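Chain A is the first sequence line, chain B the second, and so forth, proteins listed ahead of strands; every chain is numbered from 1. Everything numeric in this text was worked out from a predicted model, so none of it was measured.
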There are 2 protein chains.
Amino acid sequence: MTDAKMPRMTRIQQKNRDLIMDGALNVFSANGFRGATIDQIARSAGLSKPNVLYYFASKDDIHKTLLTELLDMWLAPMQQIDPAGDPMAEMLGYVAAKMRMSRDYPRESRLFAYEILQGAPHLTQILGGGLRDIVDRTVVVLQGWMVEGRLARTDPRHLIFSIWSMTQHYADFEIQVRAVLGSGRDPFAEGQEFLEQMYRKLLTP
Amino acid sequence: MTDAKMPRMTRIQQKNRDLIMDGALNVFSANGFRGATIDQIARSAGLSKPNVLYYFASKDDIHKTLLTELLDMWLAPMQQIDPAGDPMAEMLGYVAAKMRMSRDYPRESRLFAYEILQGAPHLTQILGGGLRDIVDRTVVVLQGWMVEGRLARTDPRHLIFSIWSMTQHYADFEIQVRAVLGSGRDPFAEGQEFLEQMYRKLLTP
DNA sequence: TGAATTATTGACCAAACGGTCAGGATCAAG
DNA sequence: CTTGATCCTGACCGTTTGGTCAATAATTCA
């Protein structure tokens with residue numbers, strides 16, 4: 001149960017697939033799908049192009065595998081909202097967790113940003129399926145809190161959009177943020193402080 | 001003073017350059033720079049590929065011209081904030097204007113989103129120059145209002161980031177928004193309502 | 001009208017790219 | 001050590017793409 005993924009996977013397969021996934025994350029997140037080349041991925045992974053294609057059937061295959069492998073990790077923070085916890089603490093915790101993701105995993109953020117911008121050709125099923133279910137479950141929790149008067153009333157779904165957009169903004173548009181703020185500042189720390197203050201005020205009943 | 005752009009421009013030049021700009025906006029905003037081909041742009045404009053390259057030196061030239069031509073229009077709403085107006089009305093007006101931009105000009109929003117995601121290879125000067133100045137001027141106005149106690153105190157720059165990210169989210173990630181909301185709803189109207197309520201609460205001193 | 005300028009295009013080119021393949025290197029197991 | 005499976009690569013292929021160019025068509029203006 002520790003590693004029940006592929007039936008059999010040699011150490012070399014394990015290592016090289018990981019290298020390719022990391023290289024692909026570098027290249028796709030920097031250039032988008034169309035802007036990325038298998039050669040770049042191979043170079044970033046330290047492998048030859050044919051060797052990359054020995055492990056993955058096609059560029060499309062690499063991209064799709066990468067997205068699906070990262071999706072769970074990307075959506076994890078939302079699923080960790082505890083319906084039994086303190087509403088304000090849970091929401092501020094979620095915001096902080098998303099902000100940490102933007103700071104520590106900007107490549108993942110940009111990867112998904114490109115995919116959604118593109119029209120989500122590889123995620124359409126997930127968008128209308130799994131993602132929507134996860135959001136719906138969270139919406140139920142939020143609405144419960146609002147009905148109980150422990151959280152200010154707002155549209156829960158648009159509240160979630162606001163958290164997504166603002167936190168991911170610091171990763172996806174980091175260049176713009178840094179250009180506007182100027183050097184010698186910490187966009188993520190400042191952003192975290194701003195968001196905490198903002199949502200505390202917004203969500204206080 | 002009505003049209004002091006190019007020294008001389010025939011009607012054909014005027015028309016075809018406009019066609020190309022529109023086609024380029026279609027293609028670049030849907031696929032990003034690397035994902036766009038001159039052939040697609042030509043087809044979208046109703047011209048042949050060599051004819052497109054008769055008016056523009058290269059794909060890069062098309063892209064750069066398009067960005068610079070649209071930049072002013074894109075930044076206009078922020079410059080229309082009136083320092084002499086009512087603070088709350090001015091801010092809510094700015095949010096509403098940005099929201100209208102997302103609804104009516106999603107192609108422009110996505111075009112800039114791609115460019116910033118990419119690392120803004122064509123906008124670096126503008127980001128650190130003109131954009132920063134515009135933001136700085138607005139920041140001065142906001143700080144004035146906050147000092148006067150007519151607007152709640154917050155970091156003005158991060159406040160601006162929040163408006164940018166949330167309003168543009170409805171254009172750039174429209175597919176995701178629609179997938180989560182489900183059909184039969186108006187994301188932009190709902191978003192506008194949410195944002196107005198949110199910023200009214202946030203900015204009330 | 002006719003010459004000069006502007007506009008348009010089919011054919012073409014070199015580079016980049018996704019992907020293939022035969023054959024050789026490496027490794028694990030008996 | 002041997003053998004079979006796994007791993008790796010140089011060379012190659014067809015297609016796509018950005019861009020060129022010579023030749024032709026359309027337009028402008030004296």
_Ring-plane angle category for B:H158 and B:F161, please: parallel below 30°, perpendicular beyond 60°, tilted otherwise._
perpendicular
*Got a sec, which residues hit salt bridge (charged side-chain N to carboxylate O under 4.0 Å, His left out) with B:R103, two or more places apart in sequence or on another chain?*
none
*Figure out the CG/C1' separation between B:L47 and C:dT9, and round it to whole Å.*
12 Å
*Measure from OH on B:Y55 to C1' on C:dT9 and round the result to the nearest Å.*
12 Å
*Would you indicate, yes or no, if C:dT8 has its OP1 or OP2 atom less than 4.0 angstrom from a side-chain nitrogen or oxygen of B:N16?*
yes
*For the helix from C:dT1-D:dA30 to C:dG30-D:dC1, how many degrees between its two end axes (five pairs per end), to the nearest 10°?*
20°
_Test of understanding: with salt bridge (charged side-chain N to carboxylate O under 4.0 Å, His left out), list the residues that count as partners of B:R43, not counting sequence neighbours._
none
*C:dT20 P sits how many Å from A:F56 CZ, rounded?*
15 Å
_Tell me whether B:E190 is salt-bridged to A:R157, with the criterion being a basic N under 4.0 Å from an acidic carboxylate O._
no
Is there any protein nitrogen or oxygen under 3.5 Å from a nitrogen or oxygen in nucleotides 26-30 of chain D, and what are the pairs?
none

*Rounded to whole angstrom units, what separation is found between the CD atom of A:Q14 and the P atom of D:dC7?*
12 Å
*asked:* Looking at B:N51, I'd like to know whether one of its side-chain N or O atoms comes within less than 4.0 Å of OP1 or OP2 on C:dA7.
replied: no
*Is the phosphate of D:dT6, meaning OP1 or OP2, less than 4.0 Å from a side-chain N or O of A:Q13?*
no
*Take B:I62 and B:Y55 through the test side chain to side chain contact (heavy atoms under 4.5 Å, CB included) and record every step on the way to the result.*
CA-CA 9 Å; B:I62 301 174; B:Y55 290 98; over 6 Å; no
*Can you sort out the partners of B:E193 under salt bridge (charged side-chain N to carboxylate O under 4.0 Å, His left out), two or more places apart, ordered by chain and number?*
none
*asked:* Considering only residues two or more places apart or on different chains, which pairs with a residue in residues 77-118 of chain A satisfy ring pair (Phe, Tyr, Trp, His ring centres under 6.0 Å)?
replied: A:W74-A:F112
Validation: residues 126-133 of chain A side-chain donor-acceptor distances under 3.5 Å, sequence neighbours left out:
none

*asked:* What residues from residues 19-31 of chain A pass a heavy-atom cutoff of under 4.0 Å to DNA chain C?
replied: none
*With a 4.5 Å limit on heavy-atom distance, are the side chains of A:R178 and A:P187 in contact?*
yes
*Under-4.0 Å side-chain N/O to phosphate OP1/OP2 contact, A:Y54 with D:dC8*: no
*Name all residues meeting the salt bridge (charged side-chain N to carboxylate O under 4.0 Å, His left out) criterion together with B:D18; count only those two or more places apart in sequence or in a different chain, and write none if there are none.*
none
Listing, residues 80-89 of chain B side-chain donor-acceptor contacts under 3.5 Å, not counting sequence neighbours, or none:
| unit_1 | atom_1 | unit_2 | atom_2 | d |
| --- | --- | --- | --- | --- |
| B:D82 | OD1 | B:A84 | N | 2.9 |
| B:D86 | OD2 | B:A89 | N | 3.0 |

Can you name the atoms? Protein N/O to nucleotides 11-21 of chain D N/O, anything below 3.5 Å, with the distance.
| unit_1 | atom_1 | unit_2 | atom_2 | d |
| --- | --- | --- | --- | --- |
| D:dT17 | OP1 | A:R34 | NH2 | 3.4 |
| D:dG18 | OP1 | B:A36 | O | 3.1 |
| D:dG18 | OP1 | B:K59 | NZ | 2.9 |
| D:dG18 | OP2 | B:I38 | N | 3.0 |
| D:dG18 | N7 | B:K49 | NZ | 3.1 |
| D:dG19 | OP2 | B:K59 | N | 2.7 |
| D:dG19 | N7 | B:K49 | NZ | 3.4 |
| D:dG19 | O6 | B:K49 | NZ | 3.1 |

*Counting N and O atoms only, with roles assigned by atom type, does the side chain of A:S162 sit under 3.5 Å from a partner on the main chain of A:L159, one being a donor and the other an acceptor?*
yes
Less than 3.5 Å apart, which donor and acceptor atoms pair up between the side chains of residues 27-40 of chain B and the rest of the protein, not counting sequence neighbours?
| unit_1 | atom_1 | unit_2 | atom_2 | d |
| --- | --- | --- | --- | --- |
| B:S29 | OG | B:L25 | O | 2.6 |
| B:S29 | OG | B:N26 | O | 3.2 |
| B:R34 | NH1 | A:G35 | O | 3.3 |
| B:T37 | OG1 | B:Q40 | N | 3.0 |
| B:T37 | OG1 | B:Q40 | OE1 | 3.4 |
| B:Q40 | OE1 | B:T37 | N | 3.0 |

